[in-house]
Amino acid sequence: MTKQLITSALPYVNGLPHLGHLIGCLLPADVYARYLRQKGEDVLFVGGTDEHGTPSEVGAAKEGMDVAEYCKKYHALHKQMYDGFNISFDCFGGTSSDANKELTYRIFNGLDQNGYITEKITKQAYSADDGMFLPDSYVVGTCPYCGYEKAKGDQCEKCTKLLDPTELINPKSAISGSSNIEIKETKHLFLQLPKMQADLEKWIETKKGIWPDIAYTTAKKWLKEGLQERGITRDLKWGFPVPKDGFEGKVFYVWFDAPIGYIGITKECLDQKGEHWEDWWLNPDEVRHTEFMGKDNIPFHTVFFPASLRGSGEKWTEVSFLKGFNFLNFAGGKFSKSAQRGIFLDQAVAEYPADYWRYWLMANAPESDDTNFTIDLFAATINKDLNDVLGNFINRVLKMSEKNFGTHVPAQGTITTDETELYQTLNVLVADYVKYMDGLEFRKALASLREIWVAGNNYIAKTEPWKAAKTDLARAGTILNTGFNLIRLYALLNLPVMPTVAQKMLDILGLKPETVDFAGFDASSFLSFLKGGEAFTMTEPLFQKVTPERVEELKIKYKEA
RNA sequence: CGCGGGGUAGAGCAGUCCGGUAGCUUGCCAGGCUCAUAACCUGGAGGUCGUGAGGUUCAAAUCCCACCCCCGCAACCA
């Protein structure tokens, strides 16, 4: 059987994740992992934090901490937030581990031996007071074109001109503010991407029509523009030391070891369990690897990382399917940590249960374009879909049953055309749901899911069990029996997206999650699972509405203009 | 400047590849029902599909051309 490897992009450890990070990679990866596990597939879901790079060093210095300690602290906070959202990682780690160092060296040495690594002297801004070379964006000064005083060394935010740090007037370090900047020569290693261009082009071409447009077109765009050699080392202290003579004191560039982190995290995790990471990462014929990420990450996962793996001379498991997402905006603007704009994960679960957010985000996933999050849209979806359609359906079945039959599922009795028509409808809708989930078209999958819930209400409206209860109790029993079987169906279908709610629904019937493949779904037999007589537990409504008062309160709290 | 994505009813989206009387959800209006979280079910109004009285065609949201607007990218922001 094909093994299913699922990776979510690794958010940068410096800074806490918000709803945009969640929908951009973590959540859809989790939903897909849960979906496949439910089908009975062999799944390994890998995630973690990206830890190297200048932002970590700067962040640690700000908090007066050792960089490694700083990463450890934020790594734990990330994990805590993901736990709050029930992200079901099989392996969760960081990119600064020994395991990742070992793999980074292994891949680097392979690339080096195969002639894909070259040396080059470059010029770079050095800050004596900070005791370090500065990345371009950490040099600030006056823009020579428009006079803007806070232009960054890579680009002026005001006039958008691309700059070189050497052009800036009065250059200063963004870290210390020191103007004691000199341009020094320094030697670095470069990955020869141009040598791999043809190979990569051929490979990407095989993904046409299979990968989402955003993934394929982004990769094509980079290849079309022509690949350039790319520096993979930096003059920093925090990172993996470059294992090559003449490069003492230098480390690998964060983007070189970050994607290798998927492998490193897996190794660290499976070594502990006594399992073999090679079964997943050096096994391309038996592993299907699905990657999830925001659009900003796509070039690195379609060009840079595959090139590193291919050039190393080993047969690594490459990406089979790349699910890329656009960005989630917050009320028309960007989520921003510095501006305290948006909703962060710890705040979100403090307001409403994780499943509310999970449902909204998946139903509105930014698959085709950037998507706007607003409190109003959130409230409307939660109130209508979860409360009115799904929650109310469950509630009316339970109340009516209790009133007429007590706390046991009524007998199925005789099936009529009302039921067979429902079966036909469900067969079509569930087939749609499966088709969309298998194709990772989440918005459409959730629209189908909703239609399936609506079908239940439709069935109840049509069969009017409250009337049958007065004239033909057995008939009312059949209708409500079908209602309970629908609750079980809904619970199992909801499991990937809303695991907590799904479990509550199963609890009503005293059931446990089960392995079920909805491909080839047959409503007739599926809705005959509960024959009648099974005990059930009355429960309070599963969802609460977002009241108009709460909407106003949240708008003020999160500064939604 | 360039490249990529987007511009379809008040709002959020599908349809565009493979042209054939514009679809879904929400909101609004009306009706039904009254078991249920004032919920559920049905019907209706609402759009010249960014602009160009542009091109191709018997026919264009869908193909071609020009332009406008929004978002992103531009390789040391990961």
Side-chain angles (χ1 to χ4, degrees), chain A residues 9-14 50-56 95 122 124-125 133-139 152-155 160 162 165 188 193 209 213-214 217-218 220-222 224-225 227-236 253-259 261 293-300 303-304 326-327 329 332 334 363-364 366-372 374 376-377 380-381 383-389 391-404 443-444 447 450-451 454 456-462 464-469 476 479-480 483 540-545:
Chain A
L10 311 174
Y12 203 72
V13 76
N14 178 43
D50 180 9
E51 300 174 348
H52 288 138
T54 310
S56 282
T95 57
T122 62
Q124 187 148 12
F133 280 95
L134 299 172
D136 288 358
S137 61
Y138 280 82
V139 184
K152 290 185 177 179
D154 52 350
Q155 180 171 26
T160 75
L162 291 182
H188 281 294
L193 290 172
D213 280 351
I214 188 169
T217 56
T218 305
K220 284 291 278 188
K221 177 199 152 196
W222 276 54
K224 193 177 145 197
E225 288 175 356
L227 299 178
Q228 293 176 23
E229 59 180 19
R230 171 149 186 149
I232 59 166
T233 55
R234 294 288 182 276
D235 291 291
L236 298 172
Y253 172 43
V254 54
W255 257 115
F256 184 68
D257 65 62
M293 69 197 70
K295 60 183 170 185
D296 53 335
N297 268 266
I298 293 173
F300 298 93
V303 177
F304 194 58
N326 286 286
F327 291 142
N329 288 322
K334 287 183 183 177
N364 295 284
E367 289 178 312
S368 57
D369 194 7
D370 289 355
T371 292
N372 213 8
T374 66
D376 282 329
L377 287 172
T381 302
N383 293 346
K384 191 69 191 174
D385 292 3
L386 297 187
N387 284 273
D388 297 349
V389 176
N392 183 48
F393 171 80
I394 296 165
N395 198 236
R396 63 202 299 211
V397 169
L398 293 186
K399 291 241 170 101
M400 240 187 296
S401 296
E402 187 190 34
K403 187 174 166 190
N404 293 292
R443 260 182 124 118
K444 289 181 179 175
R450 202 195 110 102
E451 279 191 75
V454 169
N457 279 316
N458 221 325
Y459 167 75
I460 297 284
K462 196 174 165 192
E464 302 183 309
W466 53 90
K467 281 186 184 167
I479 296 163
L480 293 170
E540 289 302 299
L542 291 179
F543 302 100
Q544 288 182 341
K545 292 201 179 190

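Residue numbering restarts at 1 for every chain, and letters A, B, ... go by the order of the sequence lines.
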With sequence neighbours excluded, what pairs up with A:F327 under the ring pair (Phe, Tyr, Trp, His ring centres under 6.0 Å) test?
none
Can you list the residues that meet the ring pair (Phe, Tyr, Trp, His ring centres under 6.0 Å) rule with A:F133, with sequence neighbours excluded?
A:Y126
If pairing requires Watson-Crick or G-U wobble contacts with both distances under 3.5 Å, which nucleotide is the partner of [N]?
N      : result
B:rG43 : B:rC29
B:rA66 : B:rU51
B:rC35 : none
B:rC3  : B:rG72

Going by the rule side chain to side chain donor-acceptor pair (under 3.5 Å), which residues pair with [X] if we only count those two or more places apart in sequence or in a different chain?
X      : value
A:N457 : A:R396
A:D50  : none
A:D235 : A:T186, A:H188, A:K250
A:K545 : A:D388

Whole-Å [atom1] distance, [N] and [M]:
N      : M      : atom1 : answer
B:rG15 : B:rC63 : P     : 13 Å
B:rC65 : B:rG54 : C1'   : 8 Å
B:rC17 : B:rA61 : C1'   : 14 Å
B:rG23 : B:rG46 : P     : 13 Å
B:rU25 : B:rC71 : P     : 31 Å
B:rA22 : B:rA9  : C1'   : 10 Å
B:rA75 : B:rG7  : P     : 28 Å
B:rC69 : B:rG52 : P     : 16 Å

Side chains of [X] and [Y]: closer than 4.5 Å at any heavy-atom pair?
X      : Y      : result
A:N392 : A:F543 : no
A:R234 : A:Q124 : no
A:K295 : A:D370 : yes

Contact class for [X] vs. all strands (heavy atom < 4.0 Å): base, sugar-phosphate, or nothing?
X      : answer
A:K220 : nothing
A:N297 : base
A:F543 : base
A:P55  : sugar-phosphate
A:G391 : base
A:Q124 : base

Taking atom [atom2] of [N] as reference, at what distance in whole Å does atom [atom1] of [X] sit?
X      : N      : atom1 : atom2 : answer
A:M400 : B:rU34 : CE    : C1'   : 10 Å
A:L236 : B:rC76 : CG    : C1'   : 9 Å
A:R450 : B:rU26 : CZ    : C1'   : 8 Å
A:N329 : B:rG72 : CG    : P     : 7 Å
A:N383 : B:rA38 : CG    : P     : 12 Å
A:L398 : B:rC35 : CG    : C1'   : 12 Å
A:F327 : B:rC71 : CZ    : C1'   : 10 Å
A:E451 : B:rC13 : CD    : C1'   : 14 Å

Could you list the residues that satisfy salt bridge (Lys or Arg N to Asp or Glu O under 4.0 Å) with [X], not counting sequence neighbours?
X      : value
A:R230 : none
A:D296 : none
A:E464 : A:K467

Measuring to OP1 and OP2 of B:rC76, would you say a side-chain N or O of A:R230 lies under 4.0 angstrom away?
yes
Write down the protein N/O and nucleotide N/O pairs, taken from nucleotides 39-43 of chain B, whose separation is under 3.5 Å; answer none if there are no such pairs.
from	atom 1	to	atom 2	distance (Å)
B:rA39	OP1	A:K545	NZ	3.3
B:rA39	O5'	A:K545	NZ	3.3
B:rA39	O2'	A:N392	ND2	2.5
B:rC40	OP1	A:K384	NZ	2.8
B:rC40	OP2	A:K384	NZ	3.4
B:rC40	O2'	A:R396	NH1	3.0
B:rC41	O3'	A:N458	OD1	3.3
B:rU42	OP1	A:N458	ND2	3.3

Give me the distances for all protein-to-nucleotides 15-17 of chain B N/O pairs that come in under 3.5 Å?
from	atom 1	to	atom 2	distance (Å)
B:rG15	OP1	A:K444	NZ	3.4

Hey, does the side chain of A:N404 reach the backbone of A:M400 with a donor-acceptor pair shorter than 3.5 angstrom?
yes
Strictly under 4.0 angstrom, non-hydrogen atoms only: write out the protein contact profile of nucleotides 3-12 of chain B, one letter per nucleotide from the 5' end, B, S or -.
BSSS----SS
So which one's nearest nucleotide on RNA chain B is more toward 5', A:D370 or A:P541?
A:P541
Evaluate the criterion side-chain contact (heavy atoms from CB on, under 4.5 Å) for residue pair A:I232 and A:F304; output intermediate values, then yes/no.
CA-CA 10 Å; A:I232 59 166; A:F304 194 58; 3.9 Å; yes
